[in-house]
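Below is one structure, written out as structure tokens; comments come after it.
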Amino acid sequence: MSPARVGEKWWKNAIIYQIYPASFKDSNNDGIGDIPGIISSLDYITSLGVDVIWLCPMYDSPQIDMGYDVADYEKVYEPYGTVEDMEVLIDACHERGLHIILDLVVNHTSDQHKWFQESRSSKTNPKRDWYIWKPAKYDANGKRQPPNNWRSIFGGSAWEWDKTTEEYYLHLFCVEQPDVNWENAVTRRAIYESAMEFWLKKGVDGFRVDTVNMYSKQPGLGDAPVLDPKSDTQVAFSQFCNGPRIHEYLREMNDVLSKYDAMTVGECPNTHTLHGVLRYVSAAEKQLSMVFQFDLVDLGMGKDYKFLTTFPGWTLRDLKSAVKSTQDIIKGTDAWTTVFMENHDQGRSVTRFGSDKTPKLRVRSAKMLAMMQSTLSGTQFIYQGQEIGMVNAPKEWTIDEYKDIDSTNYYQMTSKITNNDPVELENAMASLQHLARDHSRLPMQWSADANAGFSPSSSAKPWMRPHDNYPELNVKLQETDDASVLSFWKQMTRLRKEYADAMVFGEFEILDEPNQNVFTYSKKGLNTSLLVVLNFSDKVQKFEKPDTLKGDNWKLLVGNVEGPSEELQAFEGRVILI
Ligand code: TEU
Ligand code: CA
């Protein structure tokens, strides 16, 4: 990796490739991706021009939330492999000059973790206070009620009644994911040792930190404001995101991480002010290297509940302002930012922000999005399959193909509330087809062989159905095609290194804010300047040349249409060097 600016941290100019172990590559025909499968794909990964892999949770887990419910931080989920396999992977990455980061999931554990098993066993157990326990409240009719009205992120109350000790415990996510009590200093130490230092000592280079802004809850755990009077639970982000002690905790955590010079990228949902984000990522604060802001990936989601929306649910002006809010974090500050459009919690970006209506538009819009991602400032993240332009599951697929708890909860809730109303269920399916997390979890499409080449044998049955389009959309086909999305991404990662001054570190400015079809922005580095023009519509648009392009002081660095003309074709993009 060529550092673009002297004295900058290595991770600023890095491109990080995210791997979802269950869906990446199966080595032993059980239909589940595994660590040996990742090891065997490292040459492919390095061929993309990336510098780091981020591995989603591979820890021992009952997999209620696909490993984000950790039962033991120091063990590997058996179908994925062993701790020894992880050691091999870490070494194999380092031999190739790749860094490797893991997912740090410490807002909650699985209810199968031994800490929780002890905690729930009695009120006097020494680990009782390691989780958040509260007695019931009783309403006017003497009926038992949860301690407050918080809604879980997966729907329903965030509190679960536990019969053994007759108290409720808090779970911001699913029932099987009890929240850890971060106020207990002994618990925090145990987390640092077991979840962080165990792996740092084995050589991992850092962590993606799950739900990093939820550890500190508002003192007293009071009710959230009632915004939805018809419901007995309420959206409660204001009560559990960015709580009063969060920055103290993160500084303490950083004391441990800095002993290993580890990088961190924290997940920072529901934090919408510049000031709020800066508190996590300003270098002077010494908390996190960078965070994921959700402005862009939340586009089109329902305000109160993500599935309560209709496709596409956003305008280009919304997208511009979402991009701006992540780019402005570094303007005149000591902070750093990230660029991403996909991860394991999102639908595919081509479906959401481009077009998957025809193969031609799919390929072209995937390349246009690659141009946008590659020219924005910050550390860049590519999610497995994004580099070949994978798209959401087909509209015809029924709920049986959806495996994620977030999706199945929503469908079941709709069916219960509406008494199986066919129209409502059809709407629910339309929402899932748009926004379900399942889309990013379909098996990686390696080849046109059976099951997309995900498992070695054609008789293996992948844990999720491969997308029907794999015969024409796969790595093998694209590797030998210069015009493929994959070849284009490789070109963009090369250009991003070459023009890091403007692409990675440059100052971002929108030039056509009111335009609802075309997104034009400039990136000014210390030595180079770029102009990026992206037609986000499926129609021909006028190319409004900005003043900077008068004369012959510019050249087209890259584009996605043969012989660009005076007009912009549907989903055409151009990156121009000035
Ligand atoms: O996600 C946390 C999060 O805030 C959301 O992205 C959430 O998954 C989404 O809103 C649900 O609709 C992280 C992980 O990325 C996710 O996979 C886990 O389920 C979650 O934490 C719990 O650990
Ligand atoms: Ca396997």
Side-chain angles (χ1 to χ4, degrees), residues 18 20-40 54 56-59 61 63-70 76-82 85 103-110 151-155 158 171-180 208-215 235 237 240-241 265-271 291-294 296-298 301-302 304-309 340 342-347 381 383 403-410 431-432 434-441 443-444 451 454-457 460-463:
Q18 183 189 351
Y20 197 67
S23 307
F24 191 59
K25 185 96 182 81
D26 171 25
S27 72
N28 60 352
N29 292 316
D30 64 356
I32 302 173
D34 45 53
I35 295 159
I38 299 170
I39 296 170
S40 73
W54 148 26
C56 279
M58 74 303 152
Y59 314 102
S61 161
Q63 305 289 338
I64 305 291
D65 185 22
M66 289 304 293
Y68 283 91
D69 45 333
V70 181
V76 170
Y77 178 54
E78 241 179 69
Y80 292 165
T82 60
D85 290 329
D103 222 299
L104 181 63
V105 190
V106 290
N107 173 71
H108 41 264
T109 67
S110 161
R151 185 180 298 167
S152 144
I153 292 168
F154 292 144
H171 61 92
L172 297 183
F173 292 88
C174 69
V175 172
E176 297 85 351
Q177 285 167 308
D179 277 55
V180 169
R208 174 267 190 187
V209 195
D210 193 59
T211 56
V212 79
N213 59 353
M214 299 186 192
Y215 308 160
V235 172
F237 294 121
F240 59 72
C241 284
V265 48
E267 205 195 14
C268 208
N270 305 295
T271 310
V291 293
F292 293 128
Q293 287 170 267
F294 280 61
L296 186 57
V297 288
D298 278 354
M301 290 187 181
D304 290 335
Y305 193 34
K306 77 176 201 190
F307 292 120
L308 294 179
T309 183
F340 71 103
E342 289 190 17
N343 61 38
H344 63 290
D345 293 333
Q346 308 296 336
F381 292 78
Y383 179 72
K403 307 291 175 212
D404 178 24
I405 182 159
D406 196 26
S407 311
T408 50
N409 272 2
Y410 174 61
S431 276
L432 290 174
H434 171 202
L435 292 174
R437 308 195 299 181
D438 301 82
H439 301 295
S440 54
R441 303 175 181 189
M444 177 73 183
N451 294 319
F454 172 68
S455 303
S457 154
K461 194 176 172 339
W463 75 281

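Position 1 is the first residue of the sequence, and the numbers go up from there. For ligands, and for the atoms within them, numbers begin at 1 and follow the listed sequence.
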Gln346, any N or O under 3.5 Å of ligand 1 N or O
no

Does the ring centre of Phe173 sit less than 6.0 Å away from the ring centre of Tyr68? no

Q. With a 6.0 Å cut-off on ring centres, are Phe340 and Trp54 close enough?
A. no

If you count the atoms of ligand 1 from 1 in the order shown, which ones are under 4.0 Å from a heavy atom of [X]?
X	value
His344	14 (C), 15 (O), 16 (C), 17 (O)
Asp210	13 (C), 14 (C), 15 (O), 21 (O), 22 (C), 23 (O)
Glu267	1 (O), 2 (C), 3 (C), 6 (O), 13 (C), 15 (O)
Pro269	4 (O)
Phe294	6 (O)
Thr211	2 (C), 21 (O)
His108	22 (C), 23 (O)

Compare every heavy atom of [Y] with every heavy atom of [X], then report the nearest pair and how far apart it is.
X	Y	value
Pro269	Asn213	O-ND2, 2.7 Å
Pro57	Tyr80	O-CE1, 3.7 Å
Pro462	Phe454	CB-CD2, 3.9 Å
Ser152	His171	CB-O, 4.0 Å

Any side-chain heavy atom of Lys403 sitting closer than 4.5 Å to one from Asp438? yes

- Query: Do the side chains of Phe237 and Ile153 get nearer than 4.5 Å, heavy atoms only?
  - Reply: yes

To the nearest 0.1 Å, how far is [atom] from its closest protein heavy atom, and which atom is that?
atom	answer
atom 20 (C) of ligand 1	Phe173 CE2, 3.6 Å
atom 7 (C) of ligand 1	Arg437 NH1, 4.0 Å
atom 10 (O) of ligand 1	Ile153 CG2, 4.2 Å
atom 19 (O) of ligand 1	Asp65 OD2, 2.5 Å

**Q.** Donor + acceptor pair across side chains of Ser455, Asn29 (<3.5 Å)
**A.** no

Apply the test side-chain contact (heavy atoms from CB on, under 4.5 Å) to residues Asp210 and Asn107: give CA-CA distance (whole Å), side-chain angles for both, the deciding distance (0.1 Å), then the verdict.
CA-CA 7 Å; Asp210 193 59; Asn107 173 71; 5.5 Å; no

Counting heavy atoms under 4.0 Å, the part of Met66 that contacts ligand 1 is neither

Taking N, O or S atoms only and a limit of 3.0 Å, check whether Asn28 reaches the Ca ion (ligand 2).
yes

Closer than 3.0 Å to the Ca ion (ligand 2): does that hold for any N, O or S atom in Pro79?
no

Checking Arg437, Gln18, His439 against His344 for side-chain hydrogen bond (donor to acceptor under 3.5 Å, both in side chains), the one that qualifies is Gln18

Which atom, counting only N, O or S, brings [X] closest to the Ca ion (ligand 2)?
X	value
Asp30	OD1
Asp34	OD2
Asp26	OD1

Glu267 meets the salt bridge (Lys or Arg N to Asp or Glu O under 4.0 Å) criterion, sequence neighbours left out, with Arg208

Nearest heavy atom to atom 15 (O) of ligand 1, choosing from Asp404, Asp406, Asp345, belongs to Asp345

